[in-house]
Amino acid sequence: SLGVGIGVMLMYGAFLKEEASIPRLSLYTAGIDTIIGIVAGLIIFSILFATGIEVGSHADLIFRKVPLALEEMKFGQVATAVFYATLLLVVWLSAVALIEPVMSFVVEKWEARRFNAAIYSGLVVWILGIIMIMSFSAWKFTFSINLLGISQKLGIAGIVQVLTSSILIPASAMLYSLYAGWVIHPSVSRDMLKFSSSCTFALWLWSIRVVIPVLLALVIYYNHKLFL
């Protein structure tokens, strides 16, 4: 999901072969991502409910609740090791995908070599990661924030979470939709998407021009209720 927020899908799309079917690949990507998310959620929450562990969220769920639940199972230490090894692999793969747009920007903006761009980008991300980790330590510091009428004290990690989940991801997706619908000429989109039916293309075009931006605007407006 974060990949949508910083243009990873746009970056990957630039490497597609000309004969690739964008609608089919989009359905595959969204479908596989949804299925994996549902299956992972069912497995994790089933383990929590079966062991009587109270359900948490975000870092509390991953680093406190899940280990406690796995320890209650037979071969719990093995299951915990496998879980965190899988999580580490997923994080590394996600990190590679998420840092690629940053590297591409550095290469194009300052004409840097990819190796140097990778080092610089990785160093900046590492420093930001250290700052995020400090939000969970004794060195943490909080800010008083008033967001859409809700006053909360949040640390750096909490602020980043609210900004990305509530504002940046839906806002960037809305801008992508508006750009694709109103800026890119329809003939270009029709040639790239290769819809077999003109009615299907018209439905897609007006969906991203009107329907999707309106729905995403509603998400941004009502999303603050998730943090009550």
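Shortest non-hydrogen contact noted between S172 and I169 is OG-O, 2.9 Å. V66 and I62 make their closest contact through CB-O, 3.9 Å (heavy atoms, listed as atom of the first residue, atom of the second, distance). Of all heavy-atom pairs spanning L205 and G181, the tightest one is CD1-O, 3.9 Å. Across every non-hydrogen atom of K65 and L48, the tightest pair is O-CD2, 3.7 Å. Of all heavy-atom pairs between L178 and R209, the closest is CD2-O, 3.9 Å. Residues V106 and A117 share a closest heavy-atom pair of CG1-CB, 3.9 Å.
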Would you tabulate the side-chain donor-acceptor contacts of residues 21-28 under 3.5 Å, counting partners in other chains and residues two or more places apart, or write 'none'?
unit_1: S21; atom_1: OG; unit_2: R24; atom_2: N; d: 3.4
unit_1: S21; atom_1: OG; unit_2: R24; atom_2: NH1; d: 3.4
unit_1: S26; atom_1: OG; unit_2: I22; atom_2: O; d: 2.7

Only pairs under 3.5 Å count here: list side-chain donor-acceptor contacts from residues 123-131, not counting sequence neighbours, and write none if there are none.
none

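Two residues are said to be in side-chain contact when any heavy atoms from C-beta on lie closer than 4.5 Å; Y120 and F115 fail this criterion. The side-chain heavy atoms of M73 and I47, taken from C-beta on, include a pair separated by under 4.5 Å. Two residues are said to be in side-chain contact when any heavy atoms from C-beta on lie closer than 4.5 Å; F201 and S189 meet this criterion. Counting only heavy atoms from C-beta outward, the side chains of E71 and T80 approach each other to under 4.5 Å. Taking 4.5 Å as the limit, every side-chain heavy atom of S121 sits out of range of all side-chain heavy atoms of E100. For the pair F83/P67, no side-chain contact is recorded, criterion being any heavy-atom separation below 4.5 Å from C-beta on.
Between the S177 side chain and the I208 main chain, a donor and an acceptor come within less than 3.5 Å of each other.
S104 and E108 share no side-chain donor-acceptor pair at under 3.5 Å.
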Report task. Just do the salt bridge (Lys or Arg N to Asp or Glu O under 4.0 Å) check on E54 and R64 with the steps written out, would you? Result -> CA-CA 10 Å; E54 183 181 356; R64 293 184 57 190; over 6 Å; no
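The CG atom of L88 lies 9.5 Å from the CG atom of L93; values are rounded to the nearest 0.5 Å. Note that CG of L175 is 9.5 Å distant from CG of L216, once rounded to the nearest 0.5 Å.
Taking the six-membered ring for Trp and thresholds of 30 and 60 degrees, W182 and W206 have ring planes more than 60 degrees apart, a perpendicular arrangement.
No option in V39, I38, I44 other than I38 meets the side chain to side chain contact (heavy atoms under 4.5 Å, CB included) test with L42.
Within 6.0 Å of CZ on F195 lie more than 12 heavy atoms contributed by other residues, nucleotides or ligands.
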